[in-house]
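Heads up: the structure comes next, in structure tokens.
Nothing fancy with the numbering, it's 1 onward along the sequence.
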Amino acid sequence: MKGNLRSAGLAICLLGAVAFAGQNPTLLRRQLKEGATEKYQVDMKMNTVVEMPGGLGEQELGLVSSAELDLKLGKMNWQIPGARVDAVMKVTKMEADGIMAGAFGDKVPPPMEVKATLDIFGRLRPVQTAESGFELGQMQSLSFSMMTVELPEKAVSIGDSWRVVVPKSTMTKKNQFLTATLKGERGNAWIVSLDGTYKLEMEPREIAASDGPANAMAGQKVAIKGDVTVAGEGLVEKSSGRTLSLKVKSTTKQVAKLAGMGLEINSSSVMDSSVTAK
């Protein structure tokens, strides 16, 4: 009987040791190599409901797009460990319906070339703005920051969380943070969840004239405030720290103020986006 008890006790101790060993923290780092190239598929589907001023009811805008993102890693920077990156975003599909279908149409914009950086924490950040329209410092810079899973500075175990920055831009005014959590493993990848809310706050800014049909609001100044709630899940390759996939649902409620016209336009939107390594 005593032998059985000792055996049972030893088994429990061994199981406890195995469980403890399985919780050893892991240091997640992005492996970078000068001259390497990477390709990603980027898809987005957004539905927006706009409350029209003057009691005209609600109008909807649907937008679906697909794009190919090519990254080429350039010179390494050892002071802030990372690499310079040449990024090319080529839209392959764009379809719009609803109130803005005429403005967007199905016209595919030309490829967008961006100078960026990619560091050992997986953070992809643009360092140069585009020349025309609503430049990269606004909406596109937020999109770029959401294309990779930001890795933690310290080693983590399953269940641990860390902050992920939503970088300051003309649309966000200051750095804000979401929460990433290491949820588990799936094959050769770590599962990371992403959730939280950040605020939009854009100071009055002049609307640029469009290249297509005449924009009736061109020259007007618009200010935006709102909240964006994010929920998503990513897969991070264990061996390289590269984001294999990242799927995010963003729910936005905002108000746009056009002081020159005395208008406030409320809108809400849901956007499903996905980034997948090729």
Side-chain angles (χ1 to χ4, degrees), residues 7-33 36 38-44 69 71 73 80-83 85 116-125 142-167 172 175-199 227-252 270-278:
S7 297
L10 179 60
I12 291 171
C13 290
L14 287 173
L15 287 172
V18 170
F20 181 80
Q23 290 299 308
N24 284 343
T26 300
L27 189 63
L28 306 181
R29 287 292 178 267
R30 182 67 156 85
Q31 304 300 315
L32 302 169
K33 182 180 179 181
E38 299 177 358
K39 294 181 178 292
Y40 298 86
Q41 176 68 31
V42 182
D43 297 297
M44 184 273 290
L69 175 64
L71 303 181
L73 277 62
I80 304 175
V85 173
T117 60
L118 179 64
D119 66 17
I120 60 173
F121 302 107
R123 296 176 294 212
L124 182 66
R125 298 288 186 266
L142 291 178
S143 298
F144 258 71
S145 70
M146 293 290 184
M147 288 184 184
T148 57
V149 175
E150 182 176 335
L151 307 177
E153 294 187 3
K154 298 180 180 180
V156 291
S157 300
I158 293 175
D160 288 346
S161 298
W162 61 94
R163 296 200 307 175
V164 171
V165 68
V166 178
T172 54
N175 284 349
Q176 298 176 71
F177 299 92
L178 304 174
T179 299
T181 303
L182 184 61
K183 304 296 288 187
E185 305 173 62
R186 185 179 300 159
N188 67 337
W190 296 107
I191 304 171
V192 178
S193 67
L194 185 68
D195 63 82
T197 299
Y198 64 91
K199 291 186 176 297
D227 296 289
V228 182
T229 300
V230 173
E233 181 179 279
L235 294 178
V236 176
E237 191 172 43
K238 293 179 181 179
S239 60
S240 68
R242 183 169 69 125
T243 298
L244 298 178
S245 69
L246 179 58
K247 296 182 179 181
V248 174
K249 179 183 287 291
S250 302
T251 303
T252 303
V270 176
M271 182 175 70
D272 291 294
S273 63
S274 70
V275 180
T276 308
K278 292 185 174 181

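- For the atom pair M271 CE and M44 CE, the distance stands at 6.5 Å (nearest 0.5 Å).
- The closest donor-acceptor contact from the side chain of W162 to the backbone of K154 lies at 3.5 Å or more, if one exists at all.
- Atom CD1 of I120 and atom CG of L151 lie 9.0 Å apart (nearest 0.5 Å).
- Atom CD of Q31 has more than 12 neighbouring heavy atoms from other residues, nucleotides or ligands inside a 6.0 Å radius.
- When side chains are defined from C-beta on, E185 counts as touching I158, because their heavy atoms get closer than 4.5 Å.
- In this structure the side chain of V42 reaches within 4.5 angstrom of the side chain of M147, judged on heavy atoms.
- Without hydrogens or angle criteria, E38 side chain to A277 main chain gives no donor-acceptor distance under 3.5 Å.
- Taking 4.5 Å as the limit, every side-chain heavy atom of T172 sits out of range of all side-chain heavy atoms of P167.
- Taking every heavy atom of both residues into account, V164 and A180 meet most closely at CG2-CB, 3.5 Å.
- Taking all atoms of both residues into account, the shortest heavy-atom contact from T181 to S161 is OG1-OG, 2.7 Å.
- Considering all non-hydrogen atoms of both residues, R30 and F121 come closest at CB-N, 4.5 Å.
- The minimum heavy-atom distance linking L124 with A116 is given by the pair CD1-CB, 4.1 Å.
- By the 4.5 Å heavy-atom criterion applied to side chains, E237 and N188 are counted as neighbours.
- Residues T197 and Q176 form no side-chain contact, since every pair of their non-hydrogen atoms from C-beta on lies 4.5 Å or further apart.
- Evaluation of the salt bridge (charged side-chain N to carboxylate O under 4.0 Å, His left out) rule for K183 yields no partner, not counting sequence neighbours.
- Contact detail for L27 and A155: the closest heavy-atom pair is CD1-N, 3.7 Å.
- A pairwise comparison of heavy atoms in G187 and K238 identifies O-NZ, 3.4 Å as the closest pair.
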Expected list for residues 242-251: side-chain donor-acceptor pairs under 3.5 angstrom, two or more places apart:
residue	atom	partner	partner atom	Å
T243	OG1	V149	N	2.9
K249	NZ	D272	OD1	2.9
K249	NZ	D272	OD2	3.3

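- Contact of the E233 side chain with the I191 side chain is registered, since non-hydrogen atoms from C-beta on lie closer than 4.5 Å.
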